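All ligand and atom numbering here is 1-based and tracks the order in the structure. Just so it is clear, the structure is predicted and the values come from calculations on it, not from any experiment.
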Amino acid sequence: MSQPSQLTLQPVAKIEGEVNVPGSKSLSNRALLLAALAEGKTTLTNLLDSDDIRHMLAALTSLGVNYSLSEDKTVCTVEGLAGTFKSIEPLELFLGNAGTAMRPLCAALAASDVDVTLTGEPRMEERPIGDLVDALRQAGASIEYLKNDGYPPLEIKGQRLKGGDIQVDGSVSSQFLTAVLMAAPLFEGDSVISIKGELVSKPYIDITLDTMARFGVEVANDDYRSFAVSGGQKYVSPGRFMVEGDASSASYFLAAGAIKGGSVKVTGIGKNSIQGDIRFADVLEAMGAKVEWFDDCVVVTGQPLKGVDMDMNHIPDAAMTIATTALFAEGPTAIRNIYNWRVKETDRLHAMATELRKLGAEVEEGEDYIKVWPSETLKHVDIDTYNDHRVAMCFSLVCLSDTPVTINDPGCTAKTFPDYFTRFKTICA
Ligand SMILES: O=C(O)C1=C[C@@H](OP(=O)(O)O)[C@@H](O)[C@H](O)C1
Ligand SMILES: C=C(OP(=O)(O)O)C(=O)O
């Protein structure tokens with residue numbers, strides 16, 4: 001379906017209601033990959049249907065993995081390969097701008113019997129992958145850069161990897177460690193994976209370890225400094241794998257409830273969620289909102305909000321939602337230790353600062369932080385979204401002021417949340 005090039009959201013008087021969020025991107029792509037490698041058939045339910053998952057599924061198809069998808073694409077039964085990937089012909093796999101496809105597939109393919117080139121959208125060619133390639137080369141991998149050193153596209157001559165002592169730089173993206181961890185059981189020998197630098201976005205490693213455990217592989221985690229994984233293992237299908245709702249996608253609705261009063265109940269996530277972005281609700285609470293936690297939902301009720309000054313390295317995606325929530329708080333809000341916003345779908349630090357300033361807010365853009373001073377009145381402007389789904393979703397919150405907002409290229413939410421604006425409207429009165 002073609003999307004309009006712009007979408008104008010008129011001021012919303014009231015926010016109230018219940019929203020079910022689609023499946024988690026991080027869990028969907030991890031579970032699909034491990035289901036493909038596992039022994040046995042896995043039925044994934046509540047799978048996310050979005051561009052990032054389509055890229056993973058298309059890659060699995062090219063790699064000869066058999067799976068069936070329900071009509072609405074949320075239930076997928078995967079026949080596992082019971083080992084690594086194998087392909088007779090050289091392959092080229094296009095992975096869009098999906099970090100959760102590019103990084104984990106790079107590692108799993110380097111450890112497989114394949115000859116494969118990994119490509120992506122132009123932005124993917126600007127997103128670093130050198131720290132992952134360096135780590136895999138220590139395990140014996142053969143990976144070459146086809147354009148710029150340290151960036152996709154990559155040419156991988158896959159082979160059985162030996163494993164051993166592997167150092168991974170964790171200071172740019174946790175996805176590099178995730179990728180090595182998920183491939184390590186397939187290596188011939190045992191591995192000890194040690195972290196160089198500060199590990200960023202740490203809670204995503206919990207998602208990785210939890211998903212691996214559900215597919216039968218245990219990892220010894222020494223305080224996120226080093227991880228021991230036995231080689232020569234097979235993943236084993238858990239039979240069924242239910243994907244939790246996406247906690248990052250939940251952030252926009254929870255923020256809307258906090259900003260506007262009324263109550264918003266988000267289902268599909270809950271107090272025991274494995275996703276770190278669930279901690280976004282704690283930030284809303286610190287800003288003054290009332291948050292109630294249940295097993296299968298989170299409810300936020302709005303109260304007057306005040307600005308906060310916090311390290312949000314642990315919730316890099318949901319933290320973007322705080323940058324626009326800050327427009328509705330009393331006093332400034334600082335979001336700190338978020339350098340890697342600069343190497344995601346766009347330079348998010350610069351994009352958020354630029355668009356917030358267009359609305360009339362005062363913004364300080366630091367190398368690894370952003371500080372936002374709300375303004376009394378906001379201007380009706382066209383928000384540029386830089387092909388970044390989260391920029392589009394974050395700025396939808398502006399319509400909770402007295403001012404409309406126009407979102408350019410709203411279709412870019414297709415990366416993780418194709419019908420975001422339709423669901424957003426269901427809580428607007
Ligand atoms: O492992 C994952 O599923 C993700 C890790 C995070 O990336 P970084 O580790 O690069 O911060 C996050 O931003 C991304 O959306 C998903
Ligand atoms: C950073 C993101 O995506 P990716 O998985 O491509 O890194 C994101 O979804 O905000």
**OP:** Could you check which of Lys344, Arg127, Glu345, Met102 puts a non-hydrogen atom nearest to atom 7 (O) of ligand 2?
**Re:** Arg127
Original post:
For Thr100, is the nearest heavy atom under 4.0 Å from an atom of ligand 1?
Top reply: yes
Original post:
Can an N or O of Arg103 be found at a distance shorter than 3.5 Å from an N or O of ligand 2?
Top reply: no
Original post:
Do the charged groups of Arg54 and Asp51 touch, with an N to O distance under 4.0 Å?
Top reply: yes
Original post:
Heavy-atom contacts under 4.0 Å between His55 and ligand 2: side chain, backbone, both, or neither?
Top reply: neither
Original post:
So which protein heavy atom does atom 10 (O) of ligand 2 come closest to, and at what separation?
Top reply: Arg390 NE, 2.6 Å
Original post:
Is a donor on one side and an acceptor on the other found under 3.5 Å between the side chain of Arg103 and the backbone of Phe176?
Top reply: no
Original post:
Just how far is it from atom NZ of Lys415 to atom CG of Asp52, taken to the nearest 0.5 Å?
Top reply: 3.5 Å
**OP:** Would you tell me which option among Tyr339, Tyr204, Phe176 has the nearest heavy-atom contact to atom 5 (C) of ligand 1?
**Re:** Tyr204
Subject >> Proximal ligand 1 atoms for Asp317, defined as those under 4.0 Å from one of its heavy atoms >> reply: 12 (C), 13 (O), 14 (C), 15 (O)
Original post:
ligand 2 versus Met124, non-hydrogen atoms closer than 4.0 Å: side chain, backbone, both, neither?
Top reply: neither
Subject >> His389 neighbourhood, listing ligand 2 atoms whose heavy-atom distance to it stays under 4.0 Å >> reply: 8 (C), 9 (O), 10 (O)
Original post:
Hey, does Gly99 come in under 3.5 Å of ligand 2, counting only N/O atoms on both sides?
Top reply: yes
Original post:
Can Arg348 be said to touch ligand 2, with heavy atoms closer than 4.0 Å?
Top reply: yes
Original post:
Heavy-atom distance under 4.5 Å between the side chains of Thr119 and Met124, does that happen here?
Top reply: no
Original post:
Do ligand 2 and Asp52 have nitrogen or oxygen atoms that lie under 3.5 Å from each other?
Top reply: no
**OP:** Determine, step by step, whether His55 and Phe94 satisfy the ring pair (Phe, Tyr, Trp, His ring centres under 6.0 Å) criterion, reporting the C-alpha distance in whole Å, the side-chain angles of both residues, the deciding distance to 0.1 Å, and the verdict.
**Re:** CA-CA 7 Å; His55 291 305; Phe94 175 81; 5.6 Å; yes
Original post:
Counting each atom of ligand 1 from 1 as listed, which ones have a heavy atom of Asn340 under 4.0 Å away?
Top reply: 8 (P), 10 (O), 11 (O)
Original post:
Relative to the heavy atoms of Asn97, which atoms of ligand 2 are at a distance of less than 4.0 Å?
Top reply: 6 (O)
Original post:
Of the backbone atoms (N, CA, C, O) and the side-chain heavy atoms from C-beta on, which set of Thr100 has a member under 4.0 Å from an atom of ligand 2: side chain, backbone, both, or neither?
Top reply: both
**OP:** Kindly indicate, with the supporting measurements, whether the criterion side-chain contact (heavy atoms from CB on, under 4.5 Å) is fulfilled by Asp309 and Thr333.
**Re:** CA-CA 6 Å; Asp309 186 330; Thr333 289; over 6 Å; no
Original post:
Taking distance alone, with no angle check, do Lys415 and ligand 2 share an N/O pair under 3.5 Å?
Top reply: yes
**OP:** Could you tell me whether ligand 1 has any atom less than 4.0 Å away from a heavy atom of Arg103?
**Re:** no
Subject >> Heavy-atom pair with the smallest gap, counting every atom of Ala110 and Ile143 >> reply: CB-CD1, 4.1 Å
**OP:** Quick one: closest heavy-atom pair of Thr42 and Ser237, and the distance?
**Re:** OG1-OG, 2.8 Å
Subject >> Chi angles and distances behind the side-chain contact (heavy atoms from CB on, under 4.5 Å) call for Ile259, Thr325 >> reply: CA-CA 7 Å; Ile259 290 166; Thr325 304; 3.9 Å; yes
**OP:** Take every heavy atom of Lys25, measure it against each atom of ligand 2, and state whether any distance is under 4.0 Å.
**Re:** yes
**OP:** Side-chain contact test, heavy atoms from C-beta onward, threshold under 4.5 Å: evaluate it for Tyr204 versus Pro316 and give yes or no.
**Re:** yes
Original post:
Does the ring centre of Phe241 sit less than 6.0 Å away from the ring centre of Phe215?
Top reply: yes
Subject >> Test log, rule side-chain contact (heavy atoms from CB on, under 4.5 Å), inputs Leu254 and Leu284 >> reply: CA-CA 8 Å; Leu254 297 173; Leu284 292 181; 3.8 Å; yes
Subject >> Parallel, tilted or perpendicular: rings of Phe424 and Tyr420 (30°, 60°) >> reply: parallel
**OP:** Around atom 10 (O) of ligand 1, find the nearest protein heavy atom and jot down its residue, atom name and distance.
**Re:** Ser173 OG, 2.6 Å
Original post:
Please state which protein non-hydrogen atom is closest to atom 9 (O) of ligand 1 and give its distance, to 0.1 Å?
Top reply: Ser174 OG, 2.6 Å
**OP:** Kindly confirm or rule out a cation-pi arrangement of Arg279 over Trp293, judged by NZ or CZ under 6.0 Å from the six-membered ring centre and within 45° of its axis?
**Re:** yes
Original post:
Looking only at heavy atoms of Met320, does any of them come nearer than 4.0 Å to an atom of ligand 2?
Top reply: no
Subject >> Arg423 and Asn20: CA distance, side-chain angles, deciding distance, side chain to side chain donor-acceptor pair (under 3.5 Å) verdict >> reply: CA-CA 9 Å; Arg423 292 203 202 194; Asn20 185 246; 4.6 Å; no
**OP:** Would you mind running through ligand 1 and noting each atom that sits below 4.0 Å from a heavy atom of Ser26?
**Re:** 2 (C), 3 (O), 16 (C)
**OP:** Using a strict 4.0 Å cut-off to heavy atoms of Arg30, name the atoms of ligand 1 that fall inside it.
**Re:** 1 (O), 2 (C), 3 (O)
Original post:
Quick one: does Thr178 get an N or O within less than 3.5 Å of an N or O on ligand 1?
Top reply: no
Subject >> atom 7 (O) of ligand 1 - nearest protein heavy atom and its distance >> reply: Lys344 NZ, 3.2 Å
